[in-house]
Amino acid sequence: MALPRKEIVSNLINLTDKERVIIDEQILKESSIDRFRKVEGYFDTWTQPLPAAVVYAESKEEIASIVSFANENKINIVARSGASATEGGLETIVKDTIVLDGSKMNKIINIDIENMLATCQSGVPLQVLDDKLREQGYTTGHSPQSKPLAQMGGLVATRSIGQFSTLYGGIEDMVVGLEAVFPGLGITKIKSVPRRAAGPDLRHLIIGNEGALCYITEVTVKIFKYYPENNKFYGYLLDDMKTGFKILREVMVAGYKPSIARLYDEEDGDYHFSHFANGKCVLIFMAEGPQYIAEATAKGIEEIVGSHPAKMVDSKLIETWFNNLNWDPNDLVEERRETIEMNNTCSTTEISANWDAIMDIYDVCMKRIRNEVPDVTMLGAHSSHSYLNGTNVYFVYFYNLDCKPEDEITKYHLPIKKIVVEETIKAGGSMCHHHGVGKHRSQWIDQEHGSAYKLLETMKKAYDPNGIMNVGTILPIKD
Amino acid sequence: MIMNILVCFNAVPKLNILSDTDWVVQEGLKIDTSFVQKDLNPFDESALEIALRFSDHSKSLGLPCSLTAVAVGEEHLDRYLKKLLALKFDNVVRIHSSEDLRFIPETIAHILSNFISKQDCFDIIITGQQSGEGDNAMTPLLLSEYLHWPCISQVVEIGPDTERSLAVKSEIDGAILNQKVKTPLVLSIGNSPCSYLRNPTLKDIAEFGKRDIKIHTPKAFSHKTDKNIFNIKSLKKIDNSRQGIIIEGDTPEDKAKILYESYIKEKL
């Protein structure tokens with residue numbers, strides 16, 4: 001029999017202390033969603049079951065005891081750190097969920113210059129870690145737009161990626177060691193070594209698990225020498241996306257590793273670069289690293305782009321853009337005001353595909369969204385992460401809200417997402433490039449993985465046999 | 001009778017993006033902001049949205065009204081004018097000028113007043129009270145003076161009344177003044193709660209946004225005036241930084257106690 005809400009709360013207080021078990025109704029409401037349902041939050045409309053409590057854990061032992069308690073009593077846990085998730089992963093879709101917040105576990109445990117490693121608790125904000133490293137001439141190399149808000153546990157849990165990924169990789173390329181709490185297995189540590197061939201790489205059970213298998217308590221990442229003085233910025237105007245994808249491919253195939261390689265279509269280019277885009281597509285590169293590498297990368301980019309019809313713009317334009325990349329809490333406040341006053345909101349969906357499919361996916365999605373979804377006020381896209389084999393496309397769309405706040409998702413966001421996801425899967429791409437599956441793309445997860453889907457199901461059954469870890473995330477709830 | 005409304009607007013660089021090292025006062029006391037993205041001047045953005053709301057409201061009451069937008073400057077303004085066309089402004093006009101008109105409100109006001117006089121059709125002129133660049137807050141007042149029309153400043157809201165009058169809400173000495181006023185007049189928009197311009201749908205962009213922008217040369221609205229009212233003597237960035245202290249303590253209670261004992265108590 002399900003434990004009554006009151007008892008859940010009193011047990012949580014016994015396991016931690018009263019001050020860190022929050023049952024304030026407003027906080028519970030705000031903790032029942034993430035940015036996927038931001039419109040509902042902005043308009044003070046709450047559709048999700050309220051969690052029983054938000055618990056601020058202070059140690060891995062507390063996390064372990066709470067996970068154990070939840071496992072014994074079959075209580076759903078939503079793992080949270082910086083709360084910047086965008087795909088519904090933090091939604092408490094089950095009654096009396098425990099929102100287990102690790103943001104007070106915010107100690108940088110060790111910066112090990114000899115071995116080029118930084119170890120921290122899961123609640124350390126990336127911005128704090130990276131600022132600390134930069135003071136010493138190092139960097140994590142990780143720079144998602146959410147950098148000022150996101151924390152290390154959440155970044156690993158969602159398989160985050162940063163704007164310099166072409167050089168440094170995604171979070172999966174940066175994580176060396178991990179510690180996590182699995183229900184029934186307790187605290188589990190994966191040691192930090194440069195490489196090993198000791199069976200499957202267990203880190204990948206944890207990276208990207210979105211709180212559906214375990215709770216991440218500690219993260220060890222690589223650190224890199226930081227050479228901002230060598231940064232070189234390039235910007236070009238192009239007539240079409242096809243040329244842009246072609247250039248991106250050539251740069252990647254040639255073996256260059258610019259830290260930034262981004263391509264914006266006309267609409268998205270106008271949104272970000274209205275002062276110089278002039279109705280064209282915008283292609284951006286940044287070369288960084290040790291002087292000789294940065295110079296060689298820059299030279300290679302210049303040579304490749306020079307062989308295509310592309311007009312170079314002043315690098316100062318790109319440098320200024322680069323210096324104002326990330327969101328901060330003020331931007332979130334501004335976004336809220338703007339949404340409420342204008343009755344207009346923005347959402348995104350990001351996918352990836354091989355080079356031979358990406359242009360077709362881009363084209364068909366743009367066409368279908370334009371034709372099939374009402375009230376759209378802006379529809380654009382950009383590629384922000386490229387690889388040897390392909391690239392991603394990040395669709396950005398604004399729409400007027402001609403509906404009740406609680407209907408926004410079904411009237412606009414999900415129909416657009418459906419178009420993007422279905423067209424991508426049909427073309428052989430991946431429906432999630434870097435925001436994770438959350439709760440709103442889980443309906444397509446079997447199609448995403450095909451015959452490999454059974455591995456995912458088996459993992460879930462093995463590591464979370466009672467199904468208490470973030471129900472409905474990655475794997476959909478079965479009727 | 002149709003009420004003809006003209007909204008005058010400008011686009012300004014996002015100055016908050018400029019870093020300290022970018023803030024270089026160049027020859028002629030200018031600062032290069034060409035590498036910074038521009039946006040609608042916030043007060044003008046309010047003015048445009050207020051005009052649209054007024055138009056919607058008027059039309060719903062059976063009072064027809066026509067909206068025109070005008071901007072003075074180069075091609076970068078066209079993207080805003082196209083957006084206004086998509087938002088169903090009846091006419092949009094750009095008076096082409098390559099001159100740097102920052103800090104010269106009398107020239108802008110002369111160009112606009114000459115344009116308004118030659119068109120001889122407008123009943124209401126709406127514009128933001130000041131620009132993000134220069135912040136002289138002179139343009140609407142000078143415009144009113146040159147046109148010999150009354151001006152209401154610090155306007156926050158307007159509403160329809162009759163074919164030749166309207167309701168105007170403005171701020172005055174911390175209070176709100178509600179007036180019914182006759183046209184013609186100039187309205188200078190202040191801190192209105194209506195701060196964002198709505199967005200047109202893709203459908204409206206396709207249907208209405210492709211219409212032509214009327215481009216005029218400044219010659220048509222010759223703006224030779226007296227000498228500049230103001231001459232800039234110097235430009236200096238205002239340092240808005242504040243000192244911050246992080247109070248360390250084990251619990252919120254400890255921190256509150258330190259805050260009280262060390263910083264607040266002596267001031268009480």
Side-chain angles (χ1 to χ4, degrees), chain A residues 17 19-20 56 58 104 233 235 266-267 269-279 313-325 328 330-331 334-335 337-346 366-367 369-380 397-402 412, chain B residues 11-24 32-40 42 45-46 48-50 52-53 73-83 86-87 192-210 246 250-255:
Chain A
D17 66 56
E19 275 70 35
R20 290 186 284 118
Y56 287 90
E58 285 188 343
K104 285 190 188 294
F233 301 94
E266 292 91 332
E267 290 83 357
D270 181 65
Y271 182 74
H272 291 277
F273 311 108
S274 58
H275 51 315
F276 68 87
N278 208 15
V313 299
D314 187 344
S315 64
K316 178 80 178 161
L317 292 162
I318 310 306
E319 190 178 352
T320 306
W321 163 81
F322 171 78
N323 289 332
N324 291 277
L325 274 180
D328 66 23
N330 287 335
D331 292 312
E334 182 68 14
E335 182 195 50
R337 269 190 61 202
E338 208 169 321
T339 304
I340 292 170
E341 195 181 318
M342 296 179 72
N343 236 7
N344 180 285
T345 196
C346 171
M366 296 297 279
K367 198 174 166 188
I369 298 167
R370 273 197 198 107
N371 292 336
E372 295 174 27
V373 184
D375 306 318
V376 175
T377 58
M378 183 271 186
L379 171 64
Y397 32 92
F398 286 74
Y399 36 82
N400 289 332
L401 298 165
D402 189 18
Y412 303 108
Chain B
V12 292
K14 293 179 177 175
L15 294 176
N16 60 326
I17 286 175
L18 280 182
S19 65
D20 286 348
T21 52
D22 292 334
W23 199 273
V24 180
D32 182 11
T33 57
S34 59
F35 50 88
V36 175
Q37 198 175 16
K38 287 186 167 60
D39 217 341
L40 282 172
E45 185 169 2
S46 292
L48 290 161
E49 178 59 27
I50 282 172
L52 281 165
R53 290 186 191 185
E74 295 187 284
E75 288 81 0
H76 70 270
L77 293 162
D78 291 353
R79 69 186 293 269
Y80 307 102
L81 292 163
K82 282 181 190 165
K83 178 174 176 178
L87 287 172
S192 169
C194 163
S195 49
Y196 297 103
L197 178 63
R198 67 189 68 177
N199 286 316
T201 62
L202 297 181
K203 199 177 151 204
D204 285 341
I205 292 169
E207 197 173 338
F208 303 101
K210 313 286 183 201
I246 296 171
D250 291 336
T251 65
E253 288 77 10
D254 290 347
K255 292 176 192 172

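Since this is a predicted model, take the numbers as computed values, not measurements. Sequence lines set the chain letters: A, B, ... in the order given, protein chains first and strands last, and positions in each chain run from 1.
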Undergrad: At their closest point, which heavy atom of B/F35 faces which heavy atom of A/L317, and how far apart are they?
TA: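 For B/F35 and A/L317, the tightest heavy-atom pair comes out as CA-CD2, 3.3 Å.
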Undergrad: Is chain B contacted by the side chain of A/Y399, its backbone, both, or neither, given a heavy-atom distance below 4.5 Å?
TA: neither
Undergrad: Among residues 198-205 of chain B, which residues come closer than 4.5 Å to chain A, judged by heavy atom distances?
TA: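 Residues B/R198, B/N199, B/P200, B/T201, B/L202, B/I205 are the ones that qualify, each having a heavy atom under 4.5 Å from chain A.
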Undergrad: Against chain B, label A/N344 side chain, backbone, both or neither, depending on which of its atoms sit under 4.5 Å from a heavy atom there.
TA: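 Side chain only.
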Undergrad: Under a 4.5 Å heavy-atom cut-off, does chain B meet the side chain of A/N324, its backbone, both or neither?
TA: side chain
Undergrad: Take A/S274 and B/K38 through the side-chain contact (heavy atoms from CB on, under 4.5 Å) test and state the conclusion after the steps.
TA: CA-CA 7 Å; A/S274 58; B/K38 287 186 167 60; 5.7 Å; no
Undergrad: Counting heavy-atom pairs closer than 4.5 Å to chain B, which one of A/N323, A/V313, A/D270 comes out on top?
TA: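 With the most close heavy-atom pairs to chain B, the winner is A/D270.
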Undergrad: Taking it one step at a time, do A/K316 and B/S34 satisfy side-chain contact (heavy atoms from CB on, under 4.5 Å)?
TA: CA-CA 10 Å; A/K316 178 80 178 161; B/S34 59; over 6 Å; no
Undergrad: Side chain, backbone, both or neither: which part of B/P252 has a non-hydrogen atom closer than 4.5 Å to chain A?
TA: neither
Undergrad: Are the side chain of B/Q37 and the backbone N or O of A/Y271 linked by a donor-acceptor pair below 3.5 Å?
TA: yes
Undergrad: Would you confirm whether A/E338, through its side chain, and B/Y196, through its main-chain N or O, come within 3.5 Å as a donor-acceptor pair?
TA: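 Looks like no, no N/O pair under 3.5 Å.
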Undergrad: Under a 4.5 Å heavy-atom cut-off, does chain B meet the side chain of A/N278, its backbone, both or neither?
TA: neither
